Amino acid sequence: MRQVQMYAVNEGVEWTVLTNGQVWQVYHLTGGLPVVVDLTLKVDLLDEGGMSGKADA
């Protein structure tokens, strides 16, 4: 997370996505000092609940 946060801040990107293939996490970064990082979405593709429920999230 720290590495992608540094890339995003240096390039002026507000949204980042991290994944290991199973778990997808979407973060919003708000610039300033300090940078504010908010986890806006987390989806585990192999978790219970079915794909349609995950797509609705």
Side-chain angles (χ1 to χ4, degrees):
M1 179 58 204
R2 188 171 36 188
Q3 184 177 11
V4 76
Q5 178 182 345
M6 291 303 298
Y7 288 150
V9 168
N10 289 338
E11 296 297 325
V13 176
E14 294 184 13
W15 293 94
T16 61
V17 178
L18 293 178
T19 184
N20 63 4
Q22 175 182 340
V23 179
W24 290 69
Q25 299 172 328
V26 178
Y27 292 90
H28 181 259
L29 284 75
T30 304
L33 290 175
V35 174
V36 177
V37 180
D38 295 308
L39 176 62
T40 57
L41 175 69
K42 181 177 179 180
V43 176
D44 185 337
L45 297 180
L46 300 179
D47 197 12
E48 295 179 13
M51 288 303 225
S52 63
K54 293 171 187 165
D56 290 340

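We number each residue from 1, following the sequence as shown. Remember, predicted model here, so these are calculated numbers, not experimental data.
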For His28, is there any backbone N or O sitting under 3.5 Å from a side-chain donor or acceptor partner on Thr40? no
Side chains of Tyr7 and Gln3 only: does a donor on one sit below 3.5 Å from an acceptor on the other? yes
Heavy-atom count check: over 12 atoms from other residues, nucleotides or ligands less than 6.0 Å from Glu11 CD? no
Evaluate the side-chain proximity of Leu29 to Trp15: yes if any heavy-atom separation is below 4.5 Å, no if none is. no
Between Leu45 and Gly21, what is the shortest heavy-atom contact and its length? CD1-O, 3.6 Å
Contact between Val35 and Thr30 at the side-chain level, heavy atoms closer than 4.5 Å - yes or no? no
Can you list everything that forms a side-chain contact (heavy atoms from CB on, under 4.5 Å) with Asp47? Sequence neighbours excluded, please. Asp44, Lys54
Are any of the side-chain heavy atoms of Val43 and Val23 separated by less than 4.5 Å? no
Is it the case that more than 12 heavy atoms not belonging to Met1 sit under 6.0 Å from its CE atom? yes
Does a side-chain heavy-atom distance below 4.5 Å link Gln22 with Leu46? yes
Single-linkage hydrophobic cluster, 4.5 Å side-chain cutoff, Leu41 and Trp24 together: yes
Is it true that Tyr27 and Gln25 share a donor-acceptor pair across their side chains at a distance under 3.5 Å? yes
Would you give the length of the straight line joining atom CD of Gln5 to atom CG of Asn10, rounded to the nearest 0.5 angstrom? 10.0 Å
Could you check whether any side-chain heavy atom of Leu18 comes within less than 4.5 Å of a side-chain heavy atom of Val4, counting everything from C-beta outward? yes
